[in-house]
There are 2 protein chains.
Amino acid sequence: MGVRKARAAQTESALKEAARRQFAERGYLNTKITDITAAAGRATGSFYEHFSSKDDLLQALLADMHGQAREELAGDAHPPHDLAAPGQLRDHLAVAWQVMRDNRPVMTALLEAAMTAGPASGALWDRLAQDTGVLREHLEYLRDQGRPLPGDPALIAAAMGAMLSMLAYALLPADPEAGHAAGPPAGTAAGPPGRAIDPQTGLPEPRYPDAEIVDSLARLLLHGLAGPAGTP
Amino acid sequence: MGVRKARAAQTESALKEAARRQFAERGYLNTKITDITAAAGRATGSFYEHFSSKDDLLQALLADMHGQAREELAGDAHPPHDLAAPGQLRDHLAVAWQVMRDNRPVMTALLEAAMTAGPASGALWDRLAQDTGVLREHLEYLRDQGRPLPGDPALIAAAMGAMLSMLAYALLPADPEAGHAAGPPAGTAAGPPGRAIDPQTGLPEPRYPDAEIVDSLARLLLHGLAGPAGTP
DNA sequence: GTCTATATACAGATAGAC
DNA sequence: GTCTATCTGTATATAGAC
């Protein structure tokens, strides 16, 4: 690769990386092209040498994400199985949550983009249907086994996806390091409490650890509010 | 009330009504002030005589909605009760779904507005927390009764609210008349099938009847994917 | 209060030098 | 390819006549 192309590629990834950070901090819709170029340390005009629009950039980020996922999953056969078996649902949810955490800027941006199109456009349904395609197939498999499901596989899959993606949007912290720990690091004398109170709104800052979210959702989606059989 | 004030009030409600229609058709973010005034048959400048901004108008619509809800619920005592009892959850979900249907323009607008603020702002969490306050109290009541819940009441309530509001956004039709019927009206010779295929995207138009949505979500949220106890 | 006409602001996109 | 400088489109908001 020539040195000019290398420089160009460097600029392109600088723009992408800057975009990811800006999307996470300000949200996709609030981010201006100039925010991205400024954060990347480039001039405004350079942007259009690499992407034709903000949406074009988002699609590129999405493609990167898919490519990475394809790599990681290479060779991982994923045979049909019983999602309702003891640990299965929790494990699947944990993976899904981790994927959303790792790609939070892209996931949130896609959600924001789907909403700007308005409710009548069907863009949000399309997104839900796309994101929950695999889940839908799992449910269809269960149904074909004669298992009674709570409803149409596509609808149930979409409902679960809606819950998951909206919670991820609302709860995943912008800082990719936060949220992993179960508590404050040992040795900190008087760290902030689990949930700080926002002085502006008076509402508690939601700071659920990842594990609690995944466990709670797994229990809710596996056995519902009534709980597993045999509970008083 | 004088005739001038009456005319003014008429304009104000015309603007509100036009806004509701525009929000439902184009979405809140896509709707321009001029779209509203044009649809109301008024001049652009008149808008600011009644509202200081699009957000101000939205707050007015929200206040109207709350006022109406207060009227309808006047005198309806709502004592603590067991949400997990047989028909209770379904009934509550049905009411919630109906409220969202009746106020779809406002509900979807609030969701869009919360998302423009970006993920880091916490606006979406605040909205979820506000919309699910009553549900959270019900869950806290259950917990205090010694019932084992799948997780923290506020988290579970938010998860259910997320599922419900996002599905409402994606699935509720803009036309307030559609979706009530269980099937095509009797007498129609060869009406369209239950789900039309969008020629643009090739994806199926989602057209679940309200009852199916409510029933499916009730089953999912009450007993989960595993189904009620005693199922093979 | 309502209208027409216009001002303000700013994001998106381009032109041309280097 | 990258930069600086600029143009265009458009939504919001205001001014002033009626």
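Below, read A as the first sequence line, B as the second, and so on, with proteins coming before strands; counting in each chain starts at 1. All values below come from the heavy atoms of this structure, side chains included, with hydrogens, waters and symmetry mates left out.
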In whole angstroms, how far is the [atom2] atom of [N] from the [atom1] atom of [X]?
X     : N      : atom1 : atom2 : answer
B:F47 : D:dA15 : CZ    : P     : 17 Å
A:L57 : C:dG12 : CG    : P     : 12 Å
B:R42 : C:dG1  : CZ    : P     : 13 Å
B:H50 : D:dA13 : NE2   : C1'   : 16 Å
A:Q10 : D:dG1  : CD    : P     : 14 Å
A:E49 : C:dA15 : CD    : P     : 13 Å
B:F51 : D:dT14 : CZ    : C1'   : 18 Å
A:L15 : D:dG1  : CG    : C1'   : 12 Å

Among the candidates D:dT12, C:dT2, D:dG1, find the nucleotide nearest to the side-chain atoms of B:K54. D:dT12

Give me each pair satisfying salt bridge (Lys or Arg N to Asp or Glu O under 4.0 Å) with a member in residues 63-77 of chain A, each pair once, sequence neighbours excluded. A:K16-A:D64

Is the shortest heavy-atom distance from the side chain of [X] to the side chain of [Y] under 4.5 Å?
X      : Y      : answer
B:M160 : B:L89  : yes
A:L135 : A:L83  : yes
A:L58  : A:L62  : no
B:S216 : A:I156 : yes

Mark up nucleotides 4-9 of chain C, 5' to 3', with B wherever a protein heavy atom is under 4.0 angstrom from a base atom, S wherever such an atom reaches only the sugar-phosphate, and - elsewhere. B-----

Bend across the helix from C:dG1-D:dC18 to C:dC18-D:dG1, to 10°, with axes taken over 5 pairs at each end? 10°

Qualifying residues under salt bridge (Lys or Arg N to Asp or Glu O under 4.0 Å), relative to B:R136, sequence neighbours excluded: B:E140

Identify every side-chain donor-acceptor pair in residues 35-54 of chain B under 3.5 Å, counting partners at least two apart or on other chains, and give the distances.
residue, atom, partner, partner atom, Å
B:D35, OD2, B:R26, NE, 3.4
B:D35, OD2, B:K32, N, 2.9
B:T37, OG1, B:I33, O, 3.4
B:T37, OG1, B:T34, O, 3.1
B:R42, NE, B:A40, O, 3.3
B:R42, NH1, B:T11, OG1, 2.5
B:H50, ND1, B:E12, OE1, 3.2
B:S53, OG, B:D55, N, 3.4
B:S53, OG, B:D56, N, 3.2
B:K54, NZ, B:Y28, O, 3.0
B:K54, NZ, B:T31, O, 3.0

Closest approach of [X] to [Y] (non-hydrogen atoms, all atoms of both residues):
X      : Y      : result
A:P119 : B:E112 : CD-OE2, 3.6 Å
B:A154 : A:Y208 : CB-OH, 3.6 Å
B:R90  : B:A218 : CG-CB, 3.7 Å

With a 4.0 Å heavy-atom cut-off, tell me which residues in residues 17-37 of chain B come close to DNA chain D, sorted by residue number. B:K32, B:I33

Rounded to the nearest 0.5 Å, what separates atom CZ in A:R20 from atom CE in A:M65? 11.0 Å

